[in-house]
Amino acid sequence: MSERIPVIIDCDPGCDDTAALLLAFRCPELDIRGITTVSGNVALDKTTRNALRVCETIGTGVPVSAGAVKPMFCEPVYAPHVHGEDGLQGIPLPEPQKQVTGKHAWDAIYQEAVAQDGKLEIIAVGPLTNLGIALAKYNDLAKRIRRIVIMGGAAAGGNVTPCAEFNIYVDPEAADIVFKSGIPLCVCGLDVTLKAYLTADELREIGALGTPQAKLFEAVTSQNCEKRFCPQGAPLHDPAAVLYAAGDGIFSVQRCWMRVETSGTITRGKTVTDCYSDAQKEPNVTLVLDVDRKKFAARVKEIMARY
Ligand code: RIB
Ligand code: CA
């Protein structure tokens with residue numbers, strides 16, 4: 001295996017974030033240096049508590065650093081209708097023994113970027129507030145991050161408004177900072193994540209692996225509340241970004257230009273791209289558009305069987 005990739009996972013657990021963390025810690029390609037939490041699916045205190053509880057269920061001592069309590073310039077938007085009031089659909093997990101590091105997420109990201117000497121990658125599966133703040137605070141950070149793999153946005157469609165996906169919609173200004181940063185970006189938007197689903201039978205097979213981690217994976221993913229978007233099963237938005245970051249060749253990508261609309265009254269939070277346009281601009285993202293779903297499902301099960 002080639003050199004392991006040093007990563008920080010920035011997340012807002014969140015049911016699919018939990019599934020993503022469960023997978024990430026059994027991907028040998030990833031050297032997880034830290035977890036950072038952000039306000040998103042639920043408030044920061046809940047996403048942070050959930051990250052700590054999930055890390056203890058996984059059995060990892062990787063440091064968890066809490067980040068932004070709200071978006072950079074607007075009020076928080078939460079998704080309790082998808083993730084439950086506590087962010088994990090009330091699924092019982094023991095209270096965490098470990099605590100957060102006490103560092104702000106943006107400082108933890110910068111310090112690890114310096115320590116990794118330009119090799120650090122970020123897997124960002126929540127609103128991009130922590131990264132926006134980090135880039136605003138540290139003007140040398142952009143050149144120190146090798147790549148950001150983002151679960152967010154969409155070339156077409158949305159899940160909060162007709163044209164905006166949740167992670168971008170919650171903090172468009174932070175996303176705009178990230179998309180203009182010049183850091184190599186890989187965007188796993190709804191275009192691919194709604195295709196990266198597991199069927200009820202496939203989820204049951206994972207639960208039947210019988211470990212606490214496999215049962216948690218099934219529990220957090222089987223409550224698919226997006227039947228209209230994805231009637232075939234449970235879309236694994238955040239896990240798709242993790243598998244992409246781990247280097248799975250099961251995805252199809254296209255280089256294109258993409259920026260975030262921050263001012264439109266109707267289009268605020270939309271990721272605007274030239275992917276389907278003749279008005280081509282200088283590409284700044286690798287947009288992930290498709291996945292071999294059966295291989296994706298098989299890979300998820302293979303990874304979860306490692307617990
Ligand atoms: O739109 C899906 C994304 O928003 C996922 O990251 C989910 O966890 C929520 O944060
Ligand atoms: Ca998320």
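Ligands are counted one by one from 1 in listed order, and the atoms in each one are counted from 1 as well.
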Can you sort out the partners of Glu95 under salt bridge (charged side-chain N to carboxylate O under 4.0 Å, His left out), two or more places apart, ordered by chain and number?
->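 By the salt bridge (charged side-chain N to carboxylate O under 4.0 Å, His left out) rule, Glu95 matches Arg49.
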
Which is it for [X] and ligand 1 at heavy atoms under 4.0 Å: side chain, backbone, both or neither?
| X | value |
| --- | --- |
| Asn159 | side chain |
| Asp17 | side chain |
| Val125 | backbone |

Who else is in the cluster with Val272 when I, L, V, M, F, W and Y are joined by side-chain contacts under 4.5 Å?
-> Trp257

Decide, yes or no, whether a salt bridge links [X] with [Y] under the criterion of side-chain N to carboxylate O below 4.0 Å.
| X | Y | value |
| --- | --- | --- |
| Arg299 | Glu302 | yes |
| Arg33 | Asp31 | yes |
| Arg146 | Glu3 | no |

Which of the atoms in ligand 1, numbered in the order shown and given with their element, are less than 4.0 Å from a heavy-atom of [X]?
| X | answer |
| --- | --- |
| Glu165 | 1 (O), 2 (C), 3 (C), 4 (O) |
| Met151 | 2 (C), 3 (C), 5 (C), 6 (O) |
| Asn41 | 7 (C), 8 (O), 9 (C), 10 (O) |

Can you say whether the rings of Tyr138 and Tyr110 are parallel (under 30°), tilted (30 to 60°) or perpendicular (over 60°)?
-> parallel

Under 3.5 Å, is there a donor-acceptor pair between the Thr36 and Asp10 side chains?
->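 Asp10 and Thr36 do have a side-chain donor-acceptor pair below 3.5 Å.
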
How about the Ca ion (ligand 2), which protein N, O or S atoms come within less than 3.0 Å?
->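 Correct list: Asp12 OD1, Asp17 OD1, Asp17 OD2, Val125 O, Asp238 OD2.
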
For Asn167 and ligand 1, does the shortest N/O to N/O distance drop below 3.5 Å?
-> yes

Is it possible for you to say whether Met258 and Ile123 belong to one hydrophobic cluster, with membership spreading through side-chain heavy-atom contacts below 4.5 Å?
-> no

Could you list the residues that satisfy side chain to side chain contact (heavy atoms under 4.5 Å, CB included) with Thr199, not counting sequence neighbours?
->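 Thr199: side chain to side chain contact (heavy atoms under 4.5 Å, CB included) contacts with Tyr197, Asp201, Glu202, Arg293.
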
